[in-house]
Each structure stands twice: as structure tokens, then as C-alpha cells.
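These notes are about the structure you will find just below.
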Amino acid sequence: MTGLNMISKAACATTVGLLATMSAAFGQTMDYSAAQDLFGEPVTTSVTGTPQRLSSAPVNMDVITADDIRRSGAATLPAILSRLSGIDVYSWSNNSADVAIRGLNQGGSNRLLVMVNGRETYTDALGVVLWENIPVRLDEIRQIEVIKGPNSALYGFNAASGVINIVTYNPQFDEINAERLTIGSDGSQAASAVRTAQWRAGGIRLSGGWNKDPESEFHPRYAGDRLAGSDPSINRTVNLDGQTALDDRSTLRIQTSATDGSMRANYLMPFYIDLSLAAGKIEYSRDIGFGQIEASLMHNHFDVGQYRNSLATGSLSNDVTIAKLQHLFKSSADDTLRFGTEYRRDEMPSFPAKGGHLLSQDAALSGMWNHDFSNDVSLLTALRGDRYWLQRDGPVIDGSPWTNEDYNRSIYAWSYNSALVWRPTALDSVKISAARGLTLPSLLELGVANPMTVPFAPPSVPTAKLLSLGNPQLQPTKITHYELSYERSVPQWNTSGKIAAYHQLVSGLRDISATQLIEPLPTPTLLSTYVNTGGAHLNGVEIDLKGRLGEGWRWNANYSFEAVADQGTPDQYHDFSRSTPRHKANAGIGWDIGSWESDLSLRIVSATEMAQQIAFGVYELVPIKTTVSLNPRLAYVINPALRLEATGHSAFADNPVSSEKRRILFSVIANY
């Protein structure tokens, strides 16, 4: 190792220590701009709790910066994420999508944890992430951290296949003001604004926005799924984020948000939903001399005024409360430890049949140890244990095989993360990791209660009784993951690259079962419920490259290969070995000439198949051809605070439902 490399590493280690000290003194808040300028690469605190440069983080993490978001020209979070390697995006309409990390995507994808500044955005009752209702505007995002692979021991509930943490500008350190107005060639409209006010020890940021989309291309194959086809999707959000240093040892941060609107999504079959969300989180952090104590309390309240698809209609509400307490400290110069506890309470009335009440609770203990053997080698180990228990009261549906006693049960589960990081030079990084993650059942999977009368054959028997029920005996989905990755920076070429190979084992996948006859004639009764259906083996490789050419040119390219082998007999809804694209590739190039900015991105997804409902309760795999999406962006910078922008969207590359839809978005954007 050269003396220059040793000096460079020592300087970085010293600086990280200073940042960690600052982090402890101010409740783990940090001036990201100063840290990123110092290291020349993105910095994160979300993995170990202390500041780390991206190449040293003990996970496979991609960071999408604010500049990346700006130059993408994308209007939605899923569109931005689709340009990363290893990300699967199924776009059901302009504003509705399902996102998965490393395969096994489906309608209502339920193995991904999505957060805004550590605040969960998961819709617990439905067991999905409704991306268009995440209360954040693009102009207030500092970076999006995408952590690939199971991370339940580090991040907690539902981080089975990965984590997406959206980090906004901290109002204590960053004064961000912005307005954006957008109109589309298809009649879509959007507007948003961000305002920040600061004082000596803190700041507050208020943001809000509105968007409307005609969704004219939403045409499922089954006519019964074409619900409110003429109604547009509308979304309104407002978000308040404030942080202040109470003294030189403690920090208080309060975040609140409200969202309401209507949209379409897909959960086994397309549905239309009117949703409102009120959420809040309060965080307190204090340096106690021997590390820092962090406490937080979060509450989400969902109201669904209208839920409608070919299987169920009705309204529901859901309340989720999460309390966390952790102690982060350094027992020595080389050892960082974190011990935490978490309590989660999730409750909702029975849906769509009324009268019942479901309650789930989860209590967890976790621990993390990050040990530096030297400036070049570190090892992270994290463990988490969960006790999950369920209760139900109220009447049950006639004919149900379950009673309330069946719901009075507990689940014990554990997860782990372990990663070895070796930096042989200042420009290289090797990471070896193993992990086990968990996804717990949602309340809908456990307790949906939906009696229906449906047509039945032969015609001499005109109707049948269908019971669509949750299953209180469901077990968590478990994912075991092994990975090897290598990263290298080549400064003389202004280039960096990464290659990762992984093997993943999935067991206890959950899906709705095929309909079964439980009572014979003269009144046939059919049962459809959720079951643990088997598992899958995944093998994959990801390659990422990016760089700059001269002063005004930039480029990036990535490629993902993934092969899925289903274990057991695939059900009628999901056959992941056939529905997971084997090849995905992205390429982008951009250049600046005077006041003009231009970017061009290309996305290719290989041919695949996707389950679609073609008649009531009848699904089949429909072939999806190899798709290509070419998305240009052209912007004119009037002055440093104002620009005009046009972005083209030629296709939704992963879209298995809607036909190809070309549109152009025109925007006026002010940032100051």
C-alpha cells in the first residue's frame, strides 16, 4: 500500500470520527452537503447509525442524488427507481406501480420497506406501498438510498427484499425553496411548492402538491376490473418537517403529513381506491456522554372511503402506532454498538363485512455490532427477534372454517445481517454478506371477510356462495441471502463501477389459494383464502458503470441478470420463474451546452409473462414482449433559480397491463 493511500485513509478515518461526534451531539443529524463535499461521494447514516461513505457501507446500496433526480426528468418515484440495476417496476398506469428489489414482483408487492427519513410509508392494512400517496415532493429530496437484499435485522418490519429510504433536506441545515408546474400532452397536470424557514438552532419546511391524471390507458383484460375507467387519478399532499437543537446535546424533530386522493392499483386484480392518510412522527435524541439515546413515536391513520374491484367493495380504516428506543455508542475506537427495542400496534375493522375487529402487535429486540479490524477491514453483525401476536373479536362469517380463537396466536421469528467490508486500496471495496429477512402477514391477508354470490355452472345451479377469507394460520415469508460485490473508482477516467453476484432462498411465500368447494349441492359454497404456497431460488448478477467525459458530458449504464426457480407448484396467480424478466438494462447520457441541459435514457426489459384475470376468478399467464423505453429530457436554464423543461416518456418498460403510451411533460421549475 502506498504512503499516499495510507495518509488518505487516515484522514478519512479521522474525519468520519469527527462527523460521528457531531452526529452524537446533534441527535444523529448531519450536514450532508459538507460530508459529501469532503468525501467526494454520497454519505449515509441509515445503516449503522454513524456517518459512512457509500463505498464503506456494509450493505449493497445505491444512492440517487438530488442531481440524479433532476436530470432523470422522471415525474414519479417508481420511474426514478426503474433506472437502477436490480429493480423491477410494474406500471399499472401513469401514477400506479409496484416496485420490487431483485425479482418476485407482483400486484401488491409486499416485501419492500419504504421510508421517508426513517418514517414508514407502508399501507399496513392492504400490505402494499401506494407510491403515489407517499407524502414527499421531488424538489425536497436530498437523496434516495436503495439497500438491496434482506435487511430486517438493521431496519426492521418488512425489509425482506430491500429498503428504500427517501432522505429529504434537513430544515435545520438546508434552506430549500421551490415551485414546480407541469402539464402533459395527455391532459395530466401537477403543481407543487416547498418553503423553508430557519432560525439559529433549527428550521422548518412546508411542502405540498397536487396532481391529476386522466389515466385513459388503464384497460385491464377482464371487463369486471375496468372500474371507474373515466375517473382521473387525483392526489394531494402536504408535509411539515421541523428540527431544532434543544441544547448542545439534544435534538427534536417533528414530521407530519396528510395525503388524500383517488387512484388505481393492482392487488391480485386491479382496484380503484379513495384514500386519505394522516401521519406523524416525533423523534428525540440526546448525547448522554456514553453514546446517544434515540426515541421516536410514529402514528399513521388510513381511511379508505371507497375500495372497489371485481371481488370486493367497501370502506376500511387502519391505525398503526410504532414506538422505538435505541442506544448507539462506541465501546472503543473500533467498535460501534446499537441496542434497540420496538413496539408496533396495528388495528382495523373487518373488511368488507363489518362487525369484527382485528389487532396485531409486534415487540422486537435488536442489536448491532460494527467492528473495525483496521482502516481497511470491518465486520458488521446484527440480530433481531420479533414476537408477533394477533387478536380478533366480533362476529365471523357464516360458513367460515375459522373462529376468533384461531386468531389468538403468536409468531416468534428472528432475522440477521452480517457483512465483511475490505478496502484493499483507497479506490477498491469488496463486500461479502449474508442475511435473513422476514415479511409478516398483513391484516388483509389474515382477516379479510368477504361473502359473495357469484354465477355458477351448470346453468341449472344459478348461483353459488363464495367466501373470500383471510387465514389466521399464515406464517412469515423468510428470505435468506448471500452476496459478493466489488466496487472500484478510476479517478483518471472519471469512472466508477460495481459488480455484484447473489444467491437467494425464499420460503413461505403467501398468495390467495385456488377456489375450493367446501359444501356440495344444493347450495354450493366455495372458499378462497390466503396460504403459504412454497418458495423460490434466485440467482443474479448486477453490473453498474458511470462516469464523466470532459466538463459537460456524463454517462451511466447498468445490466441485471436474474434467474428464478419456483419451489413447489406455482399457483394460478403467480409463477415467478416465468414472470420475472431475466435481463434488464439501462443506459443514459447527458450533456450541458451553455444554458441548455439535455439527457437521454434507455431502458430494456426482456420478454416475460404476467398473470392477468381474464374472467371472474380465472387467471392466465399472458406473454409480454421485450420492451424498450427511450426517455429524453431537454431543459433551458433561464437563470440559476429558474428553468424550463420538457421530458418525453415513450413507454412504460415493465408494463404488463397498459398499452404503450407516449406523452410529453412540460414544466416550469424554480429552485432557490
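Every heavy atom of this structure was used, including side-chain atoms; hydrogens, water molecules and symmetry mates were not.
Side-chain atoms of Lys212 never come within 3.5 Å of backbone atoms of Gly187 as a donor-acceptor pair (strictly under, hydrogens ignored). In this structure, Ser82 contributes its side chain and Ala79 its backbone to a donor-acceptor pair below 3.5 Å. A side-chain donor-acceptor contact under 3.5 Å links Ser560 to the backbone of Gly86. Using modelled atom types, no side-chain atom of Asp362 and backbone atom of Arg344 make a donor-acceptor pair closer than 3.5 Å. With Arg392 contributing its side chain and Gly394 its backbone, the two residues share a donor-acceptor pair below 3.5 Å. For Thr123 (side chain) and Leu126 (main-chain N/O), no donor-acceptor pair under 3.5 Å exists by modelled atom type. With hydrogens and angles ignored, the 3.5 Å screen pairs a side-chain donor or acceptor of Gln198 with a backbone N or O of Pro171. With hydrogens and angles ignored, the 3.5 Å screen pairs no side-chain donor or acceptor of Asp260 with any backbone N or O of Thr237. Thr608 places a side-chain N or O within 3.5 Å of a backbone atom of Ser579 that can act as its donor or acceptor partner. Side chain of Asn235 to main chain of Glu132: a donor-acceptor pair is present (N/O by atom type, distance under 3.5 Å, no hydrogens or angles).
Heavy atoms only, all atoms of each residue included: Ser72 and Ile80 are closest at OG-CG1, 4.0 Å. Gly149 and Ile101 make their closest contact through N-CG2, 4.4 Å (heavy atoms, listed as atom of the first residue, atom of the second, distance). Scanning both residues, Ala75 and Leu138, for their nearest heavy atoms gives O-CD1, 4.0 Å. Residue Asn239 comes nearest to Thr256 through the heavy atom pair OD1-O, 3.1 Å, listed as atom of the first residue, atom of the second, then distance. Considering every non-hydrogen atom in both Pro441 and Tyr388, the closest pair reads O-OH, 3.6 Å.
Between the side chains of Asn631 and Ser629, a donor-acceptor pair is found at a separation under 3.5 Å. No hydrogens or angles considered: nothing links the side chains of Ser360 and Arg345 as a donor-acceptor pair under 3.5 Å. Using modelled atom types, one finds no donor on one side chain facing an acceptor on the other under 3.5 Å when comparing His301 with Asn318. There is a side-chain donor-acceptor pair under 3.5 Å between Arg510 and Thr477. Side chain to side chain, Tyr169 and Gln143 fail the donor-acceptor criterion of an N or O pair below 3.5 Å. Side-chain contact, Ser667 with Thr182: a donor N or O sits under 3.5 Å from an acceptor N or O. Side-chain atoms of Gln255 and Glu283 include a donor-acceptor pair closer than 3.5 Å. Residues Gln361 and Tyr343 have side chains that bring a donor and an acceptor to within less than 3.5 angstrom of each other. Using modelled atom types, one finds no donor on one side chain facing an acceptor on the other under 3.5 Å when comparing Thr65 with Asp67. Side chains of Thr196 and Glu175: a donor-acceptor N/O pair is absent below 3.5 angstrom, by distance only.
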Trace of the side-chain contact (heavy atoms from CB on, under 4.5 Å) decision for Ile164 with Leu113
CA-CA 6 Å; Ile164 294 175; Leu113 175 63; over 6 Å; no

Check the pair Asp62 / Arg83 against salt bridge (charged side-chain N to carboxylate O under 4.0 Å, His left out), numbers first and verdict last.
CA-CA 11 Å; Asp62 291 321; Arg83 303 183 186 189; over 6 Å; no

List the steps and the verdict of salt bridge (charged side-chain N to carboxylate O under 4.0 Å, His left out) for Arg70 and Asp139.
CA-CA 8 Å; Arg70 164 182 167 160; Asp139 293 310; over 6 Å; no

What do the steps show when you test Ser85 against Lys148 for side-chain hydrogen bond (donor to acceptor under 3.5 Å, both in side chains), and what is the final call?
CA-CA 10 Å; Ser85 63; Lys148 300 175 182 177; 3.0 Å; yes

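Thr580 OG1 to Asn105 CG: the interatomic distance, rounded to the nearest 0.5 Å, is 8.0 Å. Here OG of Ser296 is found 10.0 Å from CD1 of Ile282. Values are rounded to the nearest 0.5 Å. For the atom pair Asn309 CG and Gln613 CD, the distance stands at 8.0 Å (nearest 0.5 Å). Separating the CG atom in Leu358 from the CG atom in Leu390 is a distance of 6.5 Å, to the nearest 0.5 Å. Taken from CG in Leu275 to CG in Leu130, the straight-line distance is 6.0 Å, to the nearest 0.5 Å. Ser442 contributes atom OG, which lies 8.5 Å from atom CG of Leu474 (distance to the nearest 0.5 angstrom).
The side-chain hydrogen bond (donor to acceptor under 3.5 Å, both in side chains) test with Arg205 is passed by exactly one of Asn170, Asp174, Thr168: Thr168.
With sequence neighbours left out, Tyr636 forms a ring-ring contact (aromatic ring centres under 6.0 Å, His included) with Trp596. The side chain to side chain donor-acceptor pair (under 3.5 Å) test applied to Asn450 returns no partner, not counting sequence neighbours. Phe351 meets the ring-ring contact (aromatic ring centres under 6.0 Å, His included) test with Tyr307; sequence neighbours excluded.
Between Asp213 and Arg663 there is a salt bridge, since at least one side-chain N of the basic residue sits less than 4.0 Å from a carboxylate O of the acidic one. Of the charged side-chain nitrogens involved, none lies within less than 4.0 Å of a carboxylate oxygen, so that Glu120 and Lys281 do not count as a salt-bridged pair. Using a cutoff of 4.0 Å between basic side-chain nitrogens and carboxylate oxygens, Lys584 and Asp88 are scored as salt-bridged.
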